[in-house]
Visitor: 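Before I ask anything, here is the structure I am working with.
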Amino acid sequence: MTPLVLFQPEHYYSVRCIHTVIFGGMNLTSFLTQPCTQIESLDKACAKFVYQHEGMVKGYVAAYQLDATHFRLNLLIHPQWTGRGIGTYSLHYIETHVRNQDGKYLQLRVLKKMVSSLEFALSKGFREIHRMRSMSLSADNFAYHLWDALGKRLTEDGFVATTYEAEIMTNNTLIDQLIELHRYARVGWESPDPTWKSDEDEET
């Protein structure tokens, strides 16, 4: 009998606990929205399973569909039980499920500082195609005089600085305008995944 069982609502807390153990000590307070620290599949209707052994939930694996051929993988193994084949077993299991759904690509997002997870993914045939980097600017490091000339030029060109809150209160088409701006900004940018052509790519 497989130790992987279909995810049930009563498993939610156990999976969340595994997530807390994995990421809790990494001081990621400012990165709560990073894709590689989330378990998006928990709130999706998709294939998801827990690795349950000796009455304990030791791992979680899920794959949710992005389009006809692309699936996104969530794989969490409790640190206490890594190195015992649970991750490999769970990955093979979900890969079979994805293939049965005519999936051709399985995407995985891994936090850069999780070296062992990166090594695991690469050893299982995953190929790194994109690296997301976070940037932050401390107010103490900002020098207004370095941007003064640019501000004057933009003002002369008719640009006006405002806030999102102010615009959303007076502009009924703000979201549409932001979407249009985003599309223009992406023109000429290569897709981080050449195998994945979304509807937005075609419109651009």
Visitor: About how many Å separate NZ of Lys58 and CD of Gln52, when rounded to the nearest 0.5 Å?
Guide: 10.0 Å
Visitor: Do Val57 and His78 touch side chain to side chain, with heavy atoms closer than 4.5 Å?
Guide: no
Visitor: What I'd like to find out is whether the side chain of Phe120 reaches to under 4.5 Å of the side chain of Val110, using heavy atoms alone.
Guide: no
Visitor: Other residues, nucleotides and ligands only: do more than 12 of their heavy atoms fall within 6.0 Å of CG on Asp176?
Guide: yes
Visitor: State plainly whether one hydrophobic cluster holds both Met56 and Leu6, where clusters connect Ile, Leu, Val, Met, Phe, Trp and Tyr through side-chain heavy atoms under 4.5 angstrom apart.
Guide: yes
Visitor: Side-chain heavy atoms under 4.5 angstrom apart, residues restricted to Ile, Leu, Val, Met, Phe, Trp, Tyr: same cluster for Leu178 and Ile168?
Guide: yes
Visitor: Can you tell if the side chain of Leu4 reaches within under 4.5 Å of the side chain of Ile94, non-hydrogen atoms only?
Guide: no
Visitor: I'd like to know if the side chain of Ser90 reaches the main chain of Gly87, judged simply by a donor and an acceptor atom lying under 3.5 Å from each other, with no hydrogens or angles considered.
Guide: no
Visitor: If you take all heavy atoms of Glu165 and Met169, which pair is closest and at what distance?
Guide: O-CG, 3.1 Å
Visitor: Are more than 12 heavy atoms from other residues, nucleotides or ligands located less than 6.0 Å from atom NZ of Lys104?
Guide: no
Visitor: Could you give the distance from NE2 (His19) to CZ (Arg16), rounded to the nearest 0.5 Å?
Guide: 6.0 Å
Visitor: Nearest 0.5 Å, please: how far is CD in Glu40 from CG in Asn74?
Guide: 4.5 Å
Visitor: Would you say that Asp43 contacts Tyr64 through its side chain, given a criterion of any heavy-atom pair below 4.5 Å between the two side chains?
Guide: no
Visitor: Return the CD1 to CD distance between Ile175 and Glu167, rounded to the nearest 0.5 Å.
Guide: 11.0 Å
Visitor: Out of curiosity, does Ile179 fall in the hydrophobic cluster containing Tyr164 (side-chain heavy atoms, cut-off under 4.5 Å, transitive links)?
Guide: yes
Visitor: Going by heavy atoms in the side chains, are His11 and Val5 under 4.5 Å from each other?
Guide: yes
Visitor: Angle class for the Phe142/Trp147 ring planes (parallel below 30°, perpendicular above 60°, tilted otherwise)?
Guide: parallel
Visitor: Are any non-hydrogen side-chain atoms of Glu95 and Phe71 less than 4.5 angstrom apart?
Guide: no
Visitor: Should Ile22 and Met114 count as side-chain neighbours, where that means a heavy-atom distance under 4.5 Å?
Guide: yes
Visitor: Are Val21 and Leu75 connected, step by step, through hydrophobic side chains (Ile, Leu, Val, Met, Phe, Trp, Tyr) whose heavy atoms are closer than 4.5 Å?
Guide: no
Visitor: Check this for me: Glu128, atom CD, are more than 12 non-hydrogen atoms of other residues, nucleotides or ligands nearer than 6.0 Å?
Guide: yes
Visitor: Taking the side chain as every heavy atom from C-beta outward, state whether Ser41 and Tyr60 have any pair of such atoms under 4.5 Å apart.
Guide: yes
Visitor: Is the side chain of Lys48 donor-acceptor paired with the backbone N or O of Leu42 at a distance under 3.5 Å, no angle test?
Guide: yes
Visitor: Does Phe126 form a side chain to side chain contact (heavy atoms under 4.5 Å, CB included) with Leu73? I'd like the steps, not just the answer.
Guide: CA-CA 11 Å; Phe126 284 90; Leu73 171 69; 3.9 Å; yes
Visitor: Same cluster or not: are Ile129 and Tyr105 linked, directly or through other Ile, Leu, Val, Met, Phe, Trp or Tyr residues, by side-chain heavy atoms under 4.5 angstrom apart?
Guide: no
Visitor: Would you call the rings of Phe49 and Tyr93 parallel, tilted or perpendicular, where under 30° means parallel and over 60° means perpendicular?
Guide: perpendicular
Visitor: Look up atom OG1 in Thr82 and atom CG in Leu76, then write down how far apart they are to the nearest 0.5 Å.
Guide: 12.5 Å
Visitor: Can you confirm whether the side chains of Tyr89 and Thr2 place a donor and an acceptor under 3.5 Å from each other?
Guide: yes
Visitor: If you look at every heavy atom in Arg84 and Gln80, which pair is closest and at what distance?
Guide: NH2-O, 3.7 Å
Visitor: Can you tell me how far the CG atom of Leu150 sits from the OG1 atom of Thr155, to the nearest 0.5 Å?
Guide: 9.0 Å
